[in-house]
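Comments concern the structure below.
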Amino acid sequence: MHVYIHLGNSYNRQQHSPCSSKPVCKQFCVGGQAVGVVQPRLLPLLRGYPEVFQMTNGHVELSDHLRTFEQRSTAMEQVLRDWRERGLFNCLNKWRNEEFPVMSRFCDPPLMNIERAAVAGLFGVKSYGVHVNGFVRHEDGRLSMWIGRRTPQKETYPGRLDNLVAGGISAGLGVKETLVKECEEEACIPESIAQNARPGGTISYTYEDDAGIFPECQFVYDLEVPADFRPEVGDGEVLEFYLWSLEQVKELLAGSEFKPNCAMVVLDFVIRHGLLHADNERHYHQLVEGLHREL
């Protein structure tokens, strides 16, 4: 994933992969629908499970005899547990016993569920989440934003800046339902406040690293909170919260303190609220386009 952020006189390029393996990947299909991509390194392994995977017309497909949601989910779990026991992929050491739905589009019925630790990296299946911009509107019209700092113990981007609340959408949960749950768990925000969050659209991106390919889509929400409200650390994923002016936040966006996808969510907020536009940012068009990229 390439994230370009240009605010004021600062220009920062955060590159997570020097090149893409997309040209050599195989499309991953379930029930005749394309749901992800498979890197060449996995192909020899998949051939060892002919009852689960088949190679057809350059595609990797879940076997035709796995026709039901339950059959597909069970077969995939057995393969992943086998790989975990054999220690083949580091990502499977982070097994969460949390399932994500697999579908071609978010509006489609899930074709199966897959363990969260493997949902994207191994099979390039798009995962979905919710990110919340928490902000305060002051009496003089100025806006300030609540920003979290990830704990040093986080496995990914420890100590980096984050949105007020963010979380993946697990199987069986809706978007707003996930938002309310994450608000309570991460920032001790009661449902009475969380329900006031307003949808702001989505951001989409794909990044690739040594663990695999990760297509993601985040549903973005804006949550205006009272001036006297203070989020509190909940489940321990956040070290502390800060209330900063949008000017401060803009300056930080130009650096490298933010977790990259969280920087995109904040950038989207700044654009939608008119602080960044075509007359004060010459890369405005590219920035807007960059928030909505597919694989």
Side-chain angles (χ1 to χ4, degrees), residues 1 21-22 25-43 45-84 88-89 91-131 166-175 177-178 181-182 202-209 211-219 261 293-295:
M1 175 179 71
S21 65
K22 179 186 175 183
C25 288
K26 304 294 185 184
Q27 200 169 60
F28 179 47
C29 300
V30 178
Q33 299 184 40
V35 298
V37 293
V38 176
Q39 294 175 305
R41 62 182 178 136
L42 259 69
L43 298 180
L45 273 174
L46 299 182
R47 292 190 181 100
Y49 301 87
E51 72 284 2
V52 180
F53 303 102
Q54 56 191 34
M55 313 295 173
T56 307
N57 299 324
H59 299 163
V60 176
E61 298 187 16
L62 219 58
S63 180
D64 290 339
H65 79 270
L66 300 171
R67 294 188 175 89
T68 69
F69 176 94
E70 291 75 15
Q71 289 173 336
R72 295 164 180 161
S73 301
T74 299
M76 182 62 77
E77 180 178 356
Q78 290 172 346
V79 171
L80 294 175
R81 287 191 179 277
D82 183 29
W83 290 354
R84 183 190 182 197
L88 297 181
F89 299 101
C91 65
L92 297 181
N93 296 331
K94 305 167 187 175
W95 197 280
R96 303 193 188 195
N97 290 315
E98 180 183 1
E99 295 184 323
F100 272 19
V102 175
M103 55 274 195
S104 180
R105 301 174 302 174
F106 188 77
C107 60
D108 294 333
L111 298 165
M112 65 177 182
N113 284 342
I114 188 171
E115 159 62 32
R116 179 174 181 174
V119 66
L122 295 181
F123 290 92
V125 172
K126 179 176 285 189
S127 62
Y128 297 86
V130 180
H131 282 241
I169 301 175
S170 302
L173 293 181
V175 179
E177 187 178 5
T178 299
K181 177 178 74 73
E182 295 294 336
T202 66
I203 64 166
S204 300
Y205 52 87
T206 301
Y207 69 92
E208 179 177 356
D209 59 22
I213 295 177
F214 300 82
E216 299 184 358
C217 174
Q218 307 296 345
F219 292 90
N261 66 337
R293 291 189 180 274
E294 298 297 330
L295 179 64

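Checked by atom type, the side-chain pair Tyr207/Asn261 shows no donor-acceptor distance below 3.5 Å.
Listed by first then second residue, pairs satisfying salt bridge (Lys or Arg N to Asp or Glu O under 4.0 Å) with a partner in residues 54-71 number zero, not counting sequence neighbours.
Using a 4.5 Å cut-off on side-chain heavy atoms (C-beta onward), Leu62 and Val52 make contact. With contacts defined as side-chain heavy-atom distances shorter than 4.5 Å, the pair Phe53/Leu42 does not qualify. At least one side-chain heavy atom of Glu208 sits less than 4.5 Å from a side-chain heavy atom of Gln39. The shortest side-chain heavy-atom distance between Leu43 and Arg47 falls under the 4.5 Å cut-off. Proximity of Leu92 to Leu122: side-chain heavy atoms (C-beta onward) are separated by under 4.5 Å at one or more points. Contact annotation: the side chain of Gln218 never approaches that of Thr202 to less than 4.5 Å [non-hydrogen atoms, C-beta and beyond]. Looking at heavy atoms from C-beta onward, Val102 lies out of side-chain contact with Met76 at the 4.5 angstrom threshold. Using a 4.5 Å heavy-atom cutoff, the side chains of Phe106 and Val175 are in contact.
Taking each heavy atom of Ala117 and Cys91 in turn, the nearest pair found is CB-O, 3.4 Å. In terms of heavy atoms, Arg41 sits closest to Gly121 at NH2-O, 4.2 Å. Ser204 approaches Cys217 most closely through the heavy-atom pair OG-SG, 3.8 Å. The two atoms that bring Ile169 and Gly129 nearest to each other are CG1-CA, 3.8 Å, heavy atoms only. When every heavy atom of Ala34 is checked against every heavy atom of Ser104, the shortest pair comes out as O-OG, 3.3 Å. Scanning all heavy atoms of the two residues, the minimum distance from Val119 to Ser127 falls at CG1-CB, 4.3 Å.
Take Asn93 and apply the side-chain hydrogen bond (donor to acceptor under 3.5 Å, both in side chains) test, not counting sequence neighbours, and it matches no residue. Residues satisfying the salt bridge (Lys or Arg N to Asp or Glu O under 4.0 Å) test with Glu77, not counting sequence neighbours, are Arg81. Partners of Phe28 by ring-ring contact (aromatic ring centres under 6.0 Å, His included), not counting sequence neighbours, listed by chain and number: Phe123. Listed by chain and number, the residues in a salt bridge (Lys or Arg N to Asp or Glu O under 4.0 Å) with Arg116 are Glu98 (sequence neighbours excluded). The side-chain hydrogen bond (donor to acceptor under 3.5 Å, both in side chains) search around Lys26 returns none, not counting sequence neighbours.
Here the side chain of Thr68 pairs a donor or acceptor atom with the backbone of Gln71 at under 3.5 angstrom. Under a 3.5 Å cut-off, the side chain of Ser73 and the backbone N or O of Met112 do not form any donor-acceptor pair.
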Next item on the list: Would you sort out whether Glu216 and Thr206 count as a side chain to side chain contact (heavy atoms under 4.5 Å, CB included), showing the intermediate values?
Entry: CA-CA 6 Å; Glu216 299 184 358; Thr206 301; over 6 Å; no
Next item on the list: Applying side chain to side chain contact (heavy atoms under 4.5 Å, CB included), run through Phe89 and Leu80 and close with a yes or a no.
Entry: CA-CA 10 Å; Phe89 299 101; Leu80 294 175; over 6 Å; no
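To the nearest 0.5 Å, atoms NE2 (His65) and CD (Glu51) are separated by 7.0 Å. Note that OG1 of Thr74 is 9.5 Å distant from CG of Leu66, once rounded to the nearest 0.5 Å. Atom CZ in Phe219 sits 10.0 Å away from atom OG1 in Thr178 (nearest 0.5 Å).
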